[in-house]
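So that the names make sense, note that chain A is the first sequence line, chain B the second, and so on, each numbered from 1. None of these values were measured; they are calculated from a predicted model.
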Number of protein chains: 2
Amino acid sequence: MQDPAKHLSKTLKAIRKDRGWSLDAAAAATGVSKAMLGQIERGESSPTTATLWKLATGFQVSVTSLMEPLPPGAEKTLIRDAEALRHLPGDSGMAVAPLFPFEPRFGFEYMELTFHPGYKRLSEPHEVGVVEYITVISGEMEIFTDDNWQPLKTGMSIRFRGDAPHGYRNRGDEKAVVMTIIHYPTRR
Amino acid sequence: MQDPAKHLSKTLKAIRKDRGWSLDAAAAATGVSKAMLGQIERGESSPTTATLWKLATGFQVSVTSLMEPLPPGAEKTLIRDAEALRHLPGDSGMAVAPLFPFEPRFGFEYMELTFHPGYKRLSEPHEVGVVEYITVISGEMEIFTDDNWQPLKTGMSIRFRGDAPHGYRNRGDEKAVVMTIIHYPTRR
DNA sequence: ATCATTTGTATGCTATAACGCACAAGACGG
DNA sequence: CCGTCTTGTGCGTTATAGCATACAAATGAT
């Protein structure tokens, strides 16, 4: 997040110009007076949430896009090798390769997990609203969710609530490798 | 989006109560007077973007979470089998299995791509702010980004801008399978 | 019980968001 | 050159966001 006022004024004007709208046209579309629109664009006024709402709906954009400067820049290409990142935390039986850690602007983390034969773990519910994605890359495993164990073969994916009791286990005799996305709602 | 006023008042109070803060404590943390805080929580006042900013930073949450009602709930567990979903669009040489299509509240789509030997494709830049993640599940391939071809072996991942010219090719003699996440910025 | 402390709400006041209208600068055609 | 239209900005008024303070109800301690 940054200073919102400057961002708001700039993007608002940019959007309007992009559509070729005059202040009058924008006023008609949003229900906000053109005088106020001009002041906001010039940074002389900081609108209330009510008018912010009118602006967003009138322009058909999200409130977020008006408030949060989206690309915090520095969008560099990143390359990760799971082989190099993989490590065994504490108890083991499982290895984790944190490919792309959580970043607020994306809202999720992305990693590779390896479950060795016999591994089993029941996880406490996370923060409310968390959603987990799992794709089985090799081997087979089972996910506990909605009160039963769900078998997943290679190539299968599952999406389930992370804020409910859930678990992972590998009852096969070869290791299971999965890709995991954990999406957090509230921090976005 | 919904009526923001009610959402704001409710969530603001919920967050404050969740932390066990009094109006005084919240006022100290945010820099907004407790009288105003009370009015906002009661829906009697619609704050300006400036104070909305103070609230978000003081409570250490995103502006978005205060403005946009997040998950409409009903988070059912979903299971996808790439084998069943996989299909070849048009020209072919590539197969796509759309595991989890785009949903606004998550902000990304998630799919499996298969590139057959000899496949090559240069992609036009997408919408600005788009970021792509690719993990090579099997085989090897190359990604064109930042003006050169980046080789990726099995197990390697890359993250790059989708709003710049980029491409995919498979110069090996076995097919390459990758998992792809395409993240869209604040699209509505 | 009584007093002190902490809670949220109500009050009066100032700053400013928001409106409608009027105005000045440029564009275009006559 | 002169109307006429469109653009954005300036002005005066009203509505309300925002603050500081005072107040009433609840909580707690002795």
Side-chain angles (χ1 to χ4, degrees), chain A residues 1-69, chain B residues 1-69 186 188:
Chain A
M1 303 185 192
Q2 313 233 47
D3 174 37
K6 200 174 63 182
H7 170 71
L8 175 63
S9 61
K10 280 183 58 177
T11 49
L12 195 63
K13 184 161 191 173
I15 294 176
R16 183 173 65 84
K17 285 298 184 185
D18 183 54
R19 312 214 174 156
W21 288 3
S22 66
L23 284 182
D24 278 293
T30 59
V32 178
S33 74
K34 74 168 177 177
M36 180 51 55
L37 284 172
Q39 292 186 27
I40 296 173
E41 287 189 357
R42 274 173 273 141
E44 298 174 11
S45 173
S46 129
T48 65
T49 56
T51 62
L52 187 66
W53 179 257
K54 291 186 191 172
L55 294 177
T57 52
F59 280 108
Q60 302 208 73
V61 296
S62 68
V63 176
T64 306
S65 64
L66 295 178
M67 288 298 292
E68 316 231 28
Chain B
M1 302 189 192
Q2 315 232 46
D3 173 39
K6 201 174 61 183
H7 171 70
L8 176 62
S9 61
K10 281 183 57 177
T11 49
L12 196 62
K13 184 162 191 173
I15 294 176
R16 183 173 65 83
K17 286 297 183 185
D18 183 56
R19 311 215 173 153
W21 288 3
S22 67
L23 285 181
D24 279 292
T30 59
V32 178
S33 74
K34 74 167 177 175
M36 181 51 54
L37 285 171
Q39 292 186 25
I40 295 173
E41 287 188 357
R42 274 173 272 140
E44 298 175 11
S45 173
S46 129
T48 65
T49 56
T51 63
L52 186 65
W53 180 258
K54 291 187 191 171
L55 295 176
T57 53
F59 279 107
Q60 303 207 72
V61 296
S62 68
V63 176
T64 306
S65 63
L66 294 179
M67 290 297 291
E68 315 231 28
T186 44
R188 49 152 342 212

Discussion item. Does the protein touch nucleotides 7-21 of chain D at the base, only the backbone, or not at all? Give it as B, S and - per nucleotide, heavy atoms under 4.0 Å.
Written reply: SBBB------SBBB-

Item to complete: Go ahead and write out DNA chain D as dot-bracket, 5' to 3': ( ) for pairs within the strand, [ ] for ones crossing earlier pairs, | when the partner sits on another strand, dots for unpaired; Watson-Crick or G-U wobble, both distances under 3.5 Å.
Response: ||||||.||||||||||||||||.||||||

Discussion item. Does anything in residues 22-42 of chain B form a ring-ring contact (aromatic ring centres under 6.0 Å, His included)? List the pairs, not counting sequence neighbours.
Written reply: none

Fill in: Result of checking Leu8(B), Leu37(B), Val32(B), Leu66(B) against Pro47(B) for side chain to side chain contact (heavy atoms under 4.5 Å, CB included)
Leu8(B)

Worksheet item: Can you name the closest pair of heavy atoms from Ser9(A) and Gly43(A) and give their distance?
Response: CB-N, 4.1 Å

Discussion item. Show every ring-ring contact (aromatic ring centres under 6.0 Å, His included) that has at least one partner inside residues 25-46 of chain A, sequence neighbours left out.
Written reply: none

Practice prompt. Verify whether one side chain among Thr48(A) and Thr48(B) offers a donor that lies under 3.5 Å from an acceptor in the other.
Written response: no

Quick one: which protein N/O atoms are closer than 3.5 Å to N/O atoms of nucleotides 24-28 of chain C? Pair and distance per line, please.
none

Discussion item. Less than 4.5 Å apart, side chain to side chain, heavy atoms only: is that true for Thr49(B) and Thr49(A)?
Written reply: no

Worksheet item: Who pairs with Ala25(B) by side-chain contact (heavy atoms from CB on, under 4.5 Å), at least two apart in sequence or on another chain?
Response: Trp21(B), Ser22(B)

Fill in: Qualifying side chain to side chain donor-acceptor pair (under 3.5 Å) pairs with a residue from residues 28-44 of chain A, counting only residues at least two apart or across chains
Arg16(A)-Glu41(A), Asp24(A)-Lys34(A), Arg42(A)-Glu44(A)

Fill in: All pairs passing salt bridge (charged side-chain N to carboxylate O under 4.0 Å, His left out) where residues 48-60 of chain A contributes a residue, at least two apart
none

Worksheet item: Does the side chain to side chain contact (heavy atoms under 4.5 Å, CB included) test come out yes or no for Thr11(B) and Val61(B), once each step is laid out?
Response: CA-CA 11 Å; Thr11(B) 49; Val61(B) 296; over 6 Å; no

